[in-house]
Every structure is written in structure tokens, then in C-alpha cells.
*Asks:* 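First the structure, then my questions, so here it is.
In what follows, every heavy atom counts, from backbone to side chain, and hydrogens, waters and symmetry copies are set aside.
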Amino acid sequence: MTTEPAARTATSRGLTTGTLVAGLLAVCLAQIGLAIPATLNGLFQSDLHPVGSQLTWISDAFLLPVAVLELTFGLLGDLFGRKRLLVGGASLLAVGELVSATASGIHQLWAGQALAGLGAAALFPTSLAILAAGTTSPAQRARVIAMWAALLSTGGFLAPLLGGITATYGSWRWSFVVVTAIAAASAAVSALFAVNSSAPGGRSLDVAGQLTIGLGLFSLLYAIIQGPTDGWASPSVVIAFVLAAVFLAAFVLAEKRAKSPLLRLDLFRNRAFAVASVVAVVGMFAFLGTAYAVSIRLGPVQDQAPMRTALAFVLLNGITLVMLPLTERLLTTAAPGLLLGAGLLLIAAGDYWAATLPITDSTFTSLILPLGLVGLGFAITVSSITATAVNTVPVHLAGMASATTNLLRDFGFTLGPAVIGAVALSRAANNFSDSLHDSALPAALKGAGTAVLEEGGPLAVNGASTASPKLADLHPLALDALGHGYSIGFIVCGSAALLSALLALITLHSRTTPHADPTER
């Protein structure tokens, strides 16, 4: 175990170049792993033929362990040293991506993505904590946070390009091979050049807290994802919702009683931290829900090339890099409420615009402005959320604050595909069923359409009607239903961003500065 004097020595030396490179490469790697499946959804649909909610589970198999385990990995980094977590997380992510690359079916792909998600769960909080621990002034912390957020978006920028290029000139499997190589490089850089740090004082493992939050979040996501497939009133979905409420309530009780809680609930007495936490969930849900809706629109629905999806994700993520100098300045000069509010309003505007685009419009130019607005809003929002949360707690709590912020942000990310997939597919299934019933199509064709819908959902109908001439007359109905469903998805994302913007603008009025104790505010 790394001792506390050693941690203080590492911090007093300041942030070394090796630590900076290792931390930034680690968060970039984690985000590449998180984002790359979205570019490949169309290929997964055509190659592995997932049905119902199985396509959504590919993304959430990675995101679920990230959301569930980030608090624990943040704690483990504080206890045993953050360098070990960087090396171990990158190594585990490499193994998971290799399992995904060799997947012979949907279940092995889920397993590989879950392993990779475990690795990313270690990298997200640890990368920010090891960087924050080496800073010596608020200005340096703001600069490092802006760089960390920029590399987070760089991962989201590079992932679709990697996916598009490898899928165009090879196979979706090569996308995971490339990520495996990047993960191996990240592990090596961290092992060779990162300076270790920790903050073990007064902290220990919180088994009850980890079990209850893990079971609670898993139950909630299971219910949301399986709702459209199993039925919202089905026993499994209802039981999952009940279990989610019970376990999350048990988590709060466990944290109140724990001597060394996984999450210090008194952090939320700090108004800026509490608001940033809510916005982290709702705002990031809006962003990744948008990204997921775009990936399904361009891939499985419109059957466009992977490179077209890649270009869309460049708009969503690449703007953060261009914005880096301005973002760094804004973090030290502007009020957090104004930054958060402005960024979220831009996301809302882009989503409402995207909702008006007809599904028959397959031109890329129509997406440039709405996705550009969402990308610009994300560039402002993701940095200001992190800065608001981390800068309001003392340095020795930076690990817990960054882990908490990352958990909430990535739980919002996890909700994005789950909720938007559920809303869009439910609406699309109902719309297709009603349109099919009211159509003048032959009874035999109606029966075939209903059978495919019940077996695989509206995406399966869309794919089957494209591939089979016998079902071709079903295609306009399926396409229109899916277009309507995902337009509703964009509206849900825009409304979430708008509500988050109003919350930030109303409750955060002044600049955020660090305090000696999180309960002072």
C-alpha cells in the first residue's frame, strides 16, 4: 500500500510530464472504448442479428460496470495508489476488447464489452484524481481539468473515425483490435512514467455501499432496457423497478451508517456540487442519448456507411478540442451557472432541431448544424460540470469528488442508450403496429410483419423488409415508425438538457472556489 507521506511527496513535486501524459492517455482510451460501439451498431445489426433490446445491451454492457464501480475504483486508487489503477484498468480494457474482437455471437460481445467496461471504470476516476493530486493552484487545476475534458472528447472524436475506417476497409472486429493496442500502450506509459499518489487517510472499503448501489443501478437499467421487449407491466420489469428502489434506498442508509462511506453524502450539502451532480446525470443523459439516436438513425435505420456515422460523431465530440483554449479561460473567469446553462441550452437547441429532420432525409448536410450545436454545448458543459464539482471540495477529497462526478456523468451516459432506446422502440413498435393494421396490405403480409415485429422489434422489421423483396412493402411503414420514434427520442434529450440548463442558471450564481470542508456551503 502506498503510504500517505509518499502521497504528499508526489503531490509536492507537482504534476510531472509523465503523469500528465499517462492520465490524459488513460481517459482518452477509456472514452474510445466507451464510444466505439456506437459507430458499429449498423454492422452489429447486419452481422450478429440482435433482436429486441440486444443492440442496446452492447453499449450498456460497457457502460453498466463503469457506472456501478467508479466509486469503488476511486476509493481503491485513494487507498492503494492511483498508478496501479491506471496500469490495471488499461490492461483489463485490453483483454475485454480482445474478447470482443473474437466474438462469434452477441453474448461473447456482451462479455467482452463488460470486461472492457470494468477497465474503464478504473480509468475514468483515477485519471482525473492523479492529475488533480499533482496540481498546486486553482489555475493549474482548471487548466488540467480542461485538458482532461478535452482528451475525454478526443476519445469520443477518435472512436468513430477508428470504427469507420476499420469497418470500411476491414471489419468491425479490427476496431476492437486497434483499441486493444492503444490500451496496451496506455498501460505501458502509466507503468513507466506516471508518479504514484494516494489519499488513504481515514478511508476503507465499504462493502455494503458497493453491493447496494451495484444491485440498485443494475436493476434500474435492466428494467428500463427490457421494458420495450418484455412489456412495462411484465413481472420481471416491475420486480426490477421495485428492487432498484429498495437497493438505492438501502445504499443511502448504508452510507449514513458507514464509518468510511463509499460516498460522503455531506458532499451534497455543497450547493454547487449537488447541482453539478444532478446536471451531470441529466445533461450527460441528453448528450449520449442524442449520440445513440444518431447512431441508430444513420446505421440500422437508414443503413448508411460507417464513415457517415463517424463524421456525425466528429461533430459531436471534435468541437471540444477546438474549444480547449476558450474553455480553459472560461473555467477561471465565468460563473459556473452561466457556463452550464449556456452549454445545456445549446444541446437542447440542437436536439429540437434534429427532431424535425424527416427520416427519409439521408443527406449529411442536414445534420451539420443541429449536431454542431450539440457538440458545442457538450464542449462547454462537460468541462464546467467537472470543474464545478471538483473545485468545490478540498484537495484531499479530489479522488472521491472526481469518482462521484464520473459515476454520475457515466450513469447519465448509461441512461442515454437505455432510455432513448426504450422510448424510441416502444413508440416505433406502436406506430408500426397501428399503421400496419390501418394499411391496405394483404392479410398474409400483415401477418408476416406482425410476426417479425413480435420476434425482433421494429429494427428487425426494417432490416428484413430491406433484405427480402417479399417484405418490401413493409419498409415504408417501418421506416416512418422508426423515424417518428427516434424523433421523440431527440425531443426527450432536448427537454432533459433544457431542464438542466434552467436548474443551473437558477441555482448557481457565482464563481466556484474550493472550500476547506464540503459542508461549509
Side-chain angles (χ1 to χ4, degrees), residues 21-48 58-59 61-63 65-66 86-106 108-124 127 150-192 291-292 295 298-299 304-318 320-321 413:
V21 172
L24 295 180
L25 180 57
V27 71
C28 183
L29 164 66
Q31 188 64 18
I32 288 174
L34 183 152
I36 204 163
T39 312
L40 308 172
N41 275 325
L43 298 178
F44 295 148
Q45 184 72 39
S46 60
D47 191 7
L48 301 177
I58 296 174
S59 292
F62 187 104
L63 286 163
V66 171
L86 289 185
V87 176
S91 301
L92 187 56
L93 195 149
V95 172
E97 297 293 46
L98 193 58
V99 171
S100 298
T102 59
S104 58
I106 195 73
Q108 184 179 337
L109 184 56
W110 287 348
Q113 287 301 284
L115 286 174
L118 283 173
L123 295 179
F124 277 123
S127 59
L151 266 293
L152 181 81
S153 285
T154 299
F157 170 86
L158 291 176
L161 292 179
L162 290 174
I165 292 171
T166 54
T168 299
Y169 298 103
S171 163
W172 58 264
R173 300 178 187 277
W174 282 103
S175 301
F176 296 122
V177 172
V178 172
V179 181
T180 301
I182 297 172
S186 178
V189 169
S190 295
L192 293 173
Y292 183 75
S295 75
L298 296 179
Q304 298 203 45
M307 279 304 298
R308 182 66 65 87
T309 305
L311 291 176
F313 276 77
V314 167
L315 283 173
L316 289 171
N317 291 284
T320 302
L321 292 176
F413 281 162

*Asks:* Once you round to the nearest 0.5 Å, how far does CZ of Phe62 lie from CG of Leu118?
*Replies:* 9.5 Å
*Asks:* Would a 4.5 Å heavy-atom cut-off, applied to side chains only, mark Leu162 and Ser175 as touching?
*Replies:* no
*Asks:* Work out which heavy atom in Phe44 is nearest to a heavy atom in Pro37; give both atom names and the distance.
*Replies:* CE1-O, 3.7 Å
*Asks:* If you round to the nearest 0.5 Å, how far is OG1 of Thr166 from CG of Leu40?
*Replies:* 6.5 Å
*Asks:* If I compare all heavy atoms of Ser91 with all of Ala187, which pair ends up nearest, and what's the gap?
*Replies:* OG-CB, 3.8 Å
*Asks:* Roughly how far, to the nearest 0.5 Å, is CD1 of Ile58 from CG of Leu63?
*Replies:* 12.5 Å
*Asks:* Quick one: does any side-chain atom of Gln108 pair with a main-chain N or O of Val99 as donor and acceptor, under 3.5 Å?
*Replies:* yes
*Asks:* Under 3.5 Å, side chain of Thr180 to main-chain N/O of Phe176, donor-acceptor pair present?
*Replies:* yes
*Asks:* Do you know the tightest heavy-atom contact between Ala120 and Ala30?
*Replies:* CB-CB, 4.1 Å
*Asks:* Is there side-chain contact between Arg173 and Thr102, with at least one heavy-atom pair below 4.5 Å?
*Replies:* no
*Asks:* For Ala312 and Leu298, work out which heavy atoms get closest and say how close.
*Replies:* CB-CD1, 3.8 Å
*Asks:* Using 0.5 Å steps for rounding, measure from the CD1 atom of Ile32 to the CG atom of Leu152.
*Replies:* 10.5 Å
*Asks:* Judged by atom type as modelled, is there a donor-acceptor pair below 3.5 Å linking the side chain of Ser186 to the main-chain atoms of Ala183?
*Replies:* no
*Asks:* Please report the shortest heavy-atom distance between Leu86 and Ser190, naming the atom on each side.
*Replies:* CB-OG, 3.6 Å
*Asks:* If I compare all heavy atoms of Glu97 with all of Gly33, which pair ends up nearest, and what's the gap?
*Replies:* OE2-CA, 3.8 Å
*Asks:* Side-chain contact, heavy-atom cut-off 4.5 Å: Ile36 with Leu158?
*Replies:* no
*Asks:* Are Trp172 and Pro306 packed together at the side-chain level, in the sense that at least one heavy-atom pair is separated by less than 4.5 angstrom?
*Replies:* no
*Asks:* Measure the CG-CG distance between Leu311 and Leu316 for me, rounded to the nearest 0.5 Å.
*Replies:* 11.5 Å
*Asks:* Going from CD1 on Ile106 to CG on Asp47, what distance comes out if it is rounded to the nearest 0.5 angstrom?
*Replies:* 9.5 Å
*Asks:* Show your working on side chain to side chain contact (heavy atoms under 4.5 Å, CB included) between Val179 and Leu93 and close with a plain yes or no.
*Replies:* CA-CA 9 Å; Val179 181; Leu93 195 149; 3.9 Å; yes
